[in-house]
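Below is one structure, written out as structure tokens, with a few remarks after it.
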Protein chains: 2
Amino acid sequence: MARVREFDTEAALEAAMSAFRRKGYEGTSVQDLVDATGIGRGSLYAAFGSKEGLYLAVMDRYREQYAVPLIELLDSGAPARELIRSVLLGVVDEIVRDGTRQSCLIVSATTERLPHDPEVAGRVRATTSSLENALTEVIAKGRASGRLTSTRAPGDLARFLLTTIHGLRVMGAINTDRGTLTNIAEVALGCLD
Amino acid sequence: MARVREFDTEAALEAAMSAFRRKGYEGTSVQDLVDATGIGRGSLYAAFGSKEGLYLAVMDRYREQYAVPLIELLDSGAPARELIRSVLLGVVDEIVRDGTRQSCLIVSATTERLPHDPEVAGRVRATTSSLENALTEVIAKGRASGRLTSTRAPGDLARFLLTTIHGLRVMGAINTDRGTLTNIAEVALGCLD
DNA sequence: GGCTATCTGGAACGTACGGTCAAGTTTTCG
DNA sequence: CGAAAACTTGACCGTACGTTCCAGATAGCC
């Protein structure tokens with residue numbers, strides 16, 4: 001039929017994600033994206049339509065790559081406290097690994113783009129609410145089995161944990177000391193009973 | 001000696017802050033700032049030097065206007081738990097009042113500008129650490145008086161609360177329901193003992 | 001081996017950006 | 001009242017932006 005695509009879409013999205021996480025949406029120029037992905041402008045536009053389209057594709061990848069595995073972990077049936085601890089410490093790990101240079105895509109999408117782009121808003125809401133639901137279920141099970149003793153509604157606790165995760169990512173942009181972030185996570189864990 | 005300045009610097013900074021909070025740093029053009037403040041480009045540049053200079057002046061005003069009163073409240077000597085509750089509920093109030101349209105200047109400065117602008121980084125660190133110190137002191141006093149029973153280090157609890165505040169501002173950009181946010185704040189308050 | 005369809009790279013387009021500047025205005029002081 | 005100093009306005013500057021387009025390359029199909 002025709003010439004076959006030369007570049008790897010997943011690798012391109014990964015590179016674009018890294019660029020967006022480093023400089024934000026408005027701060028990343030199309031030239032930055034061309035440089036980061038190694039793909040010509042023409043191909044980039046043929047594949048993704050626009051800068052916004054590429055950003056949305058990056059958000060979709062973020063969800064598949066980071067949120068979905070997290071949710072699968074939460075659905076694994078392991079004890080609630082251990083699950084939640086490993087989620088929070090996993091976030092701390094990511095922050096320490098990324099350093100100050102790369103901020104969380106969801107947080108920056110939320111503050112920078114959500115109010116102005118309904119497509120972004122939809123993706124942020126979908127990703128956060130699926131995580132919220134998974135957390136709620138884990139907490140409800142943990143309480144049913146007597147492992148978690150907090151009397152607060154599981155949904156409130158889940159949204160509190162989500163808040164902590166977002167807060168950690170902001171804190172991680174200011175200070176990436178693992179011990180500090182770990183202690184914060186431990187305090188939050190203490191709220192579950 | 002010379003012609004007197006016509007515009008009110010504080011009012012201009014307030015208008016510029018509103019613009020930056022609505023659209024972020026990169027998303028706000030100088031023309032947006034001219035429109036928001038009602039001041040000509042020349043006057044704006046004579047007064048603040050550059051777009052970045054205006055942004056830094058806005059950050060300084062943010063600190064004086066929002067962080068300093070909060071710290072003074074914390075230093076007022078009232079009982080620890082009531083103080084911290086009123087700080088958290090005050091944040092919720094602000095979020096509900098601002099709605100989805102205006103996000104927190106500190107959070108957006110942190111994610112968008114902190115890695116690329118040392119001046120921004122310095123101001124973010126100064127503001128957050130003075131708030132952290134005030135919280136730490138309140139918690140230490142509360143524990144000394146037996147009102148707070150948590151065994152965790154006051155500094156860790158303070159940084160946890162700071163994390164909660166940042167997290168709330170992110171959550172507030174996604175969902176501005178007062179009840180939801182208030183419940184999150186109440187869960188966090190429960191971590192203090 | 002053409003034919004067609006798709007992809008590639010980069011030149012080119014119009015626009016909007018941050019920043020500058022000069023001409024005019026308002027003030028104070030001698 | 002005139003001179004000097006500071007402020008205001010908006011036209012203007014060079015540049016960088018997001019997007020489009022096209023000529024050339026590469027694949028499958030007859």
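Proteins come first, then strands; the chains are lettered A, B, ... in the order of their sequence lines, and each starts at number 1. Note that the structure is a prediction, hence the values are computed from the model and not measured.
Ring geometry, B:Y55 versus B:F20: the interplanar angle exceeds 60°, so the pair is classed perpendicular (tilted spans 30 to 60°).
A straight line from CD of B:Q31 to P of D:dA11 spans 11 Å, rounded to a whole angstrom. If you take CG of A:L44 and P of D:dT20, they are 13 Å apart, rounded to a whole angstrom. Distance OH (B:Y25) to C1' (C:dC17): 12 Å, rounded to an integer number of Å. One can place CD of B:E52 at 13 Å from P of C:dG18, the figure rounded to the nearest angstrom. Look at CD1 on A:I39: it is 15 Å from C1' on C:dG10, rounded to the nearest Å. What separates CZ of B:F48 from P of C:dG19 is a distance of 14 Å, to the nearest Å. Distance NZ (B:K23) to P (C:dA16): 12 Å, rounded to an integer number of Å. Following rounding to the nearest Å, A:L33 (CG) and C:dG10 (C1') show an atom-to-atom distance of 17 Å.
Each of B:S50 and B:V4 was assigned the nucleotide of DNA chain C with the nearest heavy atom; the assignment lying further toward the 5' end belongs to B:S50. Projected onto DNA chain D by closest heavy-atom contact, A:S43 and A:D32 fall at different nucleotides, the more 5' of which corresponds to A:D32. Both A:G40 and B:E26 sit near DNA chain C, but only A:G40 has its closest nucleotide nearer the 5' end.
Between the NZ atom of B:K23 and the CD atom of A:E26 there is a distance of 8.5 Å, given to the nearest 0.5 Å.
The B:R5 side chain lies nearest to D:dT8 when the options are C:dC7, D:dT8, D:dG18. Residue B:F7 has its side chain nearest to D:dT8 when only C:dT8, C:dG18, D:dT8 are considered.
A cation-pi arrangement is present between A:K51 and A:Y25 under the rule of less than 6.0 angstrom and at most 45 degrees off the ring axis.
Heavy atoms of A:S29 sit under 4.0 angstrom from primed sugar atoms or phosphate atoms, though from no base atom. Within the 4.0 angstrom heavy-atom criterion, base atoms lie near A:R41.
A salt bridge does not link A:R22 with A:D32: none of the charged nitrogens is closer than 4.0 Å to a carboxylate oxygen. Of the charged side-chain nitrogens involved, at least one lies within less than 4.0 Å of a carboxylate oxygen, so that A:R159 and A:D156 count as a salt-bridged pair.
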